[in-house]
Each structure stands twice: as C-alpha cells, then as structure tokens.
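Have a look at the structure below, then the notes.
Just so you know, these numbers use all the heavy atoms, side chains as well, and skip hydrogens, waters and symmetry mates. Here, residue 1 is the first one in the sequence, and each next residue gets the next number. When a ligand or atom number is given, it counts from 1 through the structure's own listing order.
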Amino acid sequence: MLKAYPELKAIVFDRPQIIEAAKSYWNDKITADILTRIDFQAGDMFESLPAASNNDLFVFSAIFHCLSDEACTSVLNNLKTAIGTHQSYVLFADAVAEETHIDPTIAAFDMQMLIGTMGRERTPSEWKRLLNNAGFEIVAIMNVRTFAKFIIAKLY
Ligand SMILES: C[S@@+](CC[C@H](N)C(=O)[O-])C[C@H]1O[C@@H](n2cnc3c(N)ncnc32)[C@H](O)[C@@H]1O
C-alpha cells in the first residue's frame, strides 16, 4: 500500500518484542522513502491503540480470529477510544464462515483457533453481532484473493 500510494503513512502496531524484530526485518527490504513513512509503535492492544486522525484506516489482519468475543470486545472498546470523533474506517482481514454448511477449510481453521488461542472463525451474523454490540456497523464485506475477506466497518 505504501509503495502504491506515495502520500500514505502508516503505523505498524504490535507488542514490543515484535516491533523490534519488525524494524530490523524491514530495514533492508524496503526503500528508505517507504521506511520513513512507517512509524513502528510498540504497545498492547488490550490497553490502548494509536489515536486516529480523520480518514485513517485501522487494519486488523488475522487478529480477531485469534480472539474470543470477550477479547475482541476489549480491543473494540480501545479502538472506539482511539477513533474518538474522527471519521475512520476499520478493515478486518479475516475469514467469514458460511452461516450453514461451513467450508471444511474454514471449519479446520475454526478448530485450530479455538485450540490455540480461544479464537474462532465467525459467520456474517456473528461478525455483525460482535461489531454492533461494540458500537460499529459493517459497511461492506469484500471478497479478496485469499481465504480471508475484508470486513469494512465504522462507528455508528
Ligand atoms: C496472527 S498474527 C497476525 C500478524 C499480521 N497482522 C498478519 O496478518 O500476518 C497476530 C499478531 O497480533 C500480535 N499481538 C498479539 N497480542 C497483542 C497485543 N496484546 N497487542 C498488540 N499486538 C498483539 C502478535 O504479536 C502478532 O503479530
């Protein structure tokens, strides 16, 4: 995204040890121009998230399927605080399971997430309930060229 859009800046947010590893990993893999547009921030999403400006996009890639509904709600509450009164969108890149007759691959991921991290793959109605209960509405669910989809949401 940063390569395609030269005016774009990004914050990469993760736990401290991962941020240190990410900085040294990307150091010689991307151009200096792109590197200077990335702000590597260490933190804990269960405590707080970086504050938004208008038109910021928060991207959670393969995060929510690692989490129980309770843990997701805790992150969503911090996201609400981070967004504040700004116009920000949120992109969740995660699987969306069928409401019935679940695809075996998604079912296997679902079991893996449950066993590994108490997470789960969610159906559209489960995503809707989770997000609505935290004050977010789904704007779109987009198909992309992976097993995951892009779930786009914003605050009500
Ligand atoms: C399944 S990985 C997804 C990584 C990446 N977003 C991707 O799409 O490949 C989950 C990420 O969440 C990070 N993470 C776990 N707990 C966290 C926390 N409390 N605060 C911030 N990041 C956390 C992990 O370090 C890991 O990088």
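Close approach of ligand 1 to I63 is summarised as follows: ligand atoms under 4.0 Å from at least one heavy atom of the residue are 10 (C), 11 (C), 12 (O). The distance from ligand 1 to the heavy atoms of I18 drops below 4.0 Å at these ligand atoms: 25 (O). Against a heavy-atom cut-off of under 4.0 Å, A62 is close to the following atoms of ligand 1: 1 (C), 2 (S), 3 (C), 8 (O), 10 (C). The distance from ligand 1 to the heavy atoms of G43 drops below 4.0 Å at these ligand atoms: 20 (N), 21 (C). Atoms of ligand 1 lying under 4.0 Å from any heavy atom of C66, numbered from 1 in the order shown and given with element: 1 (C). In summary, the atoms of ligand 1 found under 4.0 Å from a heavy atom of F46, numbered by their order in the structure, are 19 (N).
Taking atom 15 (C) of ligand 1 as the reference point, the nearest protein heavy-atom neighbour is R15 NE, 3.7 Å. Nearest non-hydrogen protein atom to atom 6 (N) of ligand 1 is S61 O, 2.8 Å. Protein heavy atom at the shortest distance from atom 21 (C) of ligand 1 is M45 N, 3.7 Å.
Counting only non-hydrogen atoms, the option in T117, D14, D94 that gets closest to atom 24 (C) of ligand 1 is D14.
Between the side chains of T105 and D103, a donor-acceptor pair is found at a separation under 3.5 Å. Of the N and O atoms on the side chains of E99 and S125, at least one donor lies less than 3.5 Å from an acceptor on the other residue.
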Intermediate values then yes/no, ring pair (Phe, Tyr, Trp, His ring centres under 6.0 Å), W127 and F92: CA-CA 10 Å; W127 274 105; F92 303 94; 5.6 Å; yes
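A heavy-atom distance below 4.5 Å is found between the side chains of F136 and I83.
F109 and F147 have their aromatic ring centers within a separation under 6.0 angstrom.
Heavy atoms of D44 found under 4.0 angstrom from ligand 1 belong to the backbone as well as the side chain.
Remark: atom 27 (O) of ligand 1 lies closer than 4.0 Å to at least one protein heavy atom.
One finds no salt bridge joining D110 and R122 here, because no Lys/Arg side-chain nitrogen approaches an Asp/Glu carboxylate oxygen to under 4.0 Å. Salt-bridge check for E137 with K128: failed, with every basic side-chain N at 4.0 Å or more from each acidic carboxylate O.
For K80, the NZ atom sits in a packed shell: over 12 heavy atoms of surrounding residues, nucleotides or ligands are nearer than 6.0 Å.
Because its NZ or CZ atom is not both nearer than 6.0 Å to the ring centre of Y5 and within 45° of the ring axis, K3 does not count as a cation-pi partner of that residue.
The closest approach between A93 and ligand 1 stays at or above 4.0 Å for every heavy atom of the residue.
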